[in-house]
A.B. asks: 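After the structure tokens below, expect a handful of questions from me.
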Amino acid sequence: MAYWLMKSEPHAFSFDDLKKVRRSSWDGVRNYQARNMMRDEMRKGDLAFFYHSNCKEPGIAGIVKICKEGYPDTIEFGRKGKQVKPNKDIENPTWFMVDVQYQRKLKRAISLQEMKSHAALADMPLVRRGNRLSVLPVTEQEWEFILGLE
DNA sequence: GCCAACGTTGGC
DNA sequence: GCCAACGTTGGC
């Protein structure tokens, strides 16, 4: 089983929003690296941190489970409500998404600031400046360490 | 709201 | 295939 981190802007789609609907497609990702991970590497049952980005307190809010493996992203309007580039050829799709399922909220949110303060997390691309990937792999050690901070 | 960092686009 | 211009991300 693998671990991941998935970013979402809470004003558009927050962890509490996912809690309400329980399950959602992770649509609208238009980045090739993130696409490759969703299409080729994410497996049903993998766990991911739900990360709030571009907000007052960026950080990890909770845990989700991958409940459907990569399939073509047919949407034109994403969770964020804004238009995204559609798949030009649906027979040969460029963009993929997975489905995630609400798992649990962390006992307390783990902020980016806190994660930056721990040497054990220094290798996470997340804590590096300028990182823009919206889907990131997390090692088992990092996963356990973050859960230990709860 | 600012702006650095990065990915993508498109002219050549 | 290079690279400047442009658009977007996301912390601050």
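These numbers come from the heavy atoms of this one structure, side chains and all, not from hydrogens, waters or symmetry mates. Reminder, nothing fancy here: chain letters follow the sequence lines and each chain counts from 1.
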A.B. asks: Between Glu57(A) (CD) and dG10(C) (C1'), how many Å, whole number?
C.D. replies: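 These atoms are roughly 15 Å apart.
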A.B. asks: Ignoring backbone atoms, test whether Lys116(A) places a side-chain nitrogen or oxygen under 4.0 Å from the OP1 or OP2 oxygen of dC12(C).
C.D. replies: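 Yes, because at least one side-chain N or O of Lys116(A) sits under 4.0 Å from OP1 or OP2 of dC12(C).
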A.B. asks: Rounded to whole Å, how long is the line connecting atom CG of Asn131(A) with atom P of dA5(B)?
C.D. replies: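 Value for this atom pair: 13 Å.
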A.B. asks: In sequence, state the C-alpha distance, the side-chain angles, and the governing distance for Tyr102(A) and Phe15(A), and then conclude on ring-ring contact (aromatic ring centres under 6.0 Å, His included).
C.D. replies: CA-CA 8 Å; Tyr102(A) 177 88; Phe15(A) 191 60; 5.0 Å; yes
A.B. asks: Report the distance from atom CG of Leu136(A) to atom C1' of dG10(C), rounded to the nearest whole Å.
C.D. replies: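 Value for this atom pair: 13 Å.
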A.B. asks: Could you state the NE2-C1' distance from His52(A) to dG11(C), rounded to the nearest angstrom?
C.D. replies: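 My rounded result for the distance is 16 Å.
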A.B. asks: Specify the separation, in whole Å, of atom CD1 of Ile60(A) and atom P of dG11(C).
C.D. replies: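 About 12 Å, once rounded to whole Å.
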A.B. asks: Which nucleotide, dA4(B), dG11(C), dG10(C), lies nearest any side-chain atom of Arg129(A)?
C.D. replies: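 Looking only at side-chain atoms, Arg129(A) lies closest to dA4(B).
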A.B. asks: Find out whether Ser8(A) and Tyr51(A) are in side-chain contact, i.e. whether some heavy atom of one side chain is under 4.5 Å from a heavy atom of the other.
C.D. replies: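 No, every pair of side-chain atoms sits at 4.5 Å or beyond.
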A.B. asks: Polar atoms only, N or O, under 3.5 Å: list the protein pairs with nucleotides 7-9 of chain B and their distances.
C.D. replies:
from, atom 1, to, atom 2, distance (Å)
dT9(B), OP1, Lys85(A), NZ, 3.3

A.B. asks: So does Lys19(A) get a backbone contact from the side chain of Arg22(A), meaning a donor-acceptor N/O pair under 3.5 Å?
C.D. replies: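 At least one qualifying donor-acceptor pair exists.
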A.B. asks: Can you list every pair that meets side chain to side chain donor-acceptor pair (under 3.5 Å) and has a residue in residues 138-150 of chain A, with sequence neighbours left out?
C.D. replies: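 Pairs touching residues 138-150 of chain A that pass the test: Arg104(A)-Glu150(A), Thr139(A)-Glu142(A).
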A.B. asks: Please give, in whole Å, the distance from dG10(C) P to Tyr51(A) OH?
C.D. replies: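 The distance from OH of Tyr51(A) to P of dG10(C) comes to 8 Å, rounded to the nearest Å.
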A.B. asks: Would Arg23(A) and Asp99(A) satisfy salt bridge (Lys or Arg N to Asp or Glu O under 4.0 Å), going step by step from the backbone distance to the final call?
C.D. replies: CA-CA 7 Å; Arg23(A) 178 181 168 142; Asp99(A) 286 359; 3.3 Å; yes
A.B. asks: Please give, in whole Å, the distance from dC12(C) C1' to Leu126(A) CG?
C.D. replies: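 So the two atoms are 15 Å apart, to the nearest Å.
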A.B. asks: Going by ring pair (Phe, Tyr, Trp, His ring centres under 6.0 Å), name the residues that satisfy it together with Trp95(A), two or more places apart in sequence or in a different chain.
C.D. replies: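 Trp95(A) satisfies ring pair (Phe, Tyr, Trp, His ring centres under 6.0 Å) with Tyr32(A) only.
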A.B. asks: Which residue lies toward the 5' end of DNA chain B, Asn54(A) or Gly130(A), if each is placed at its nearest nucleotide?
C.D. replies: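 The residue whose closest nucleotide sits nearer the 5' end is Asn54(A).
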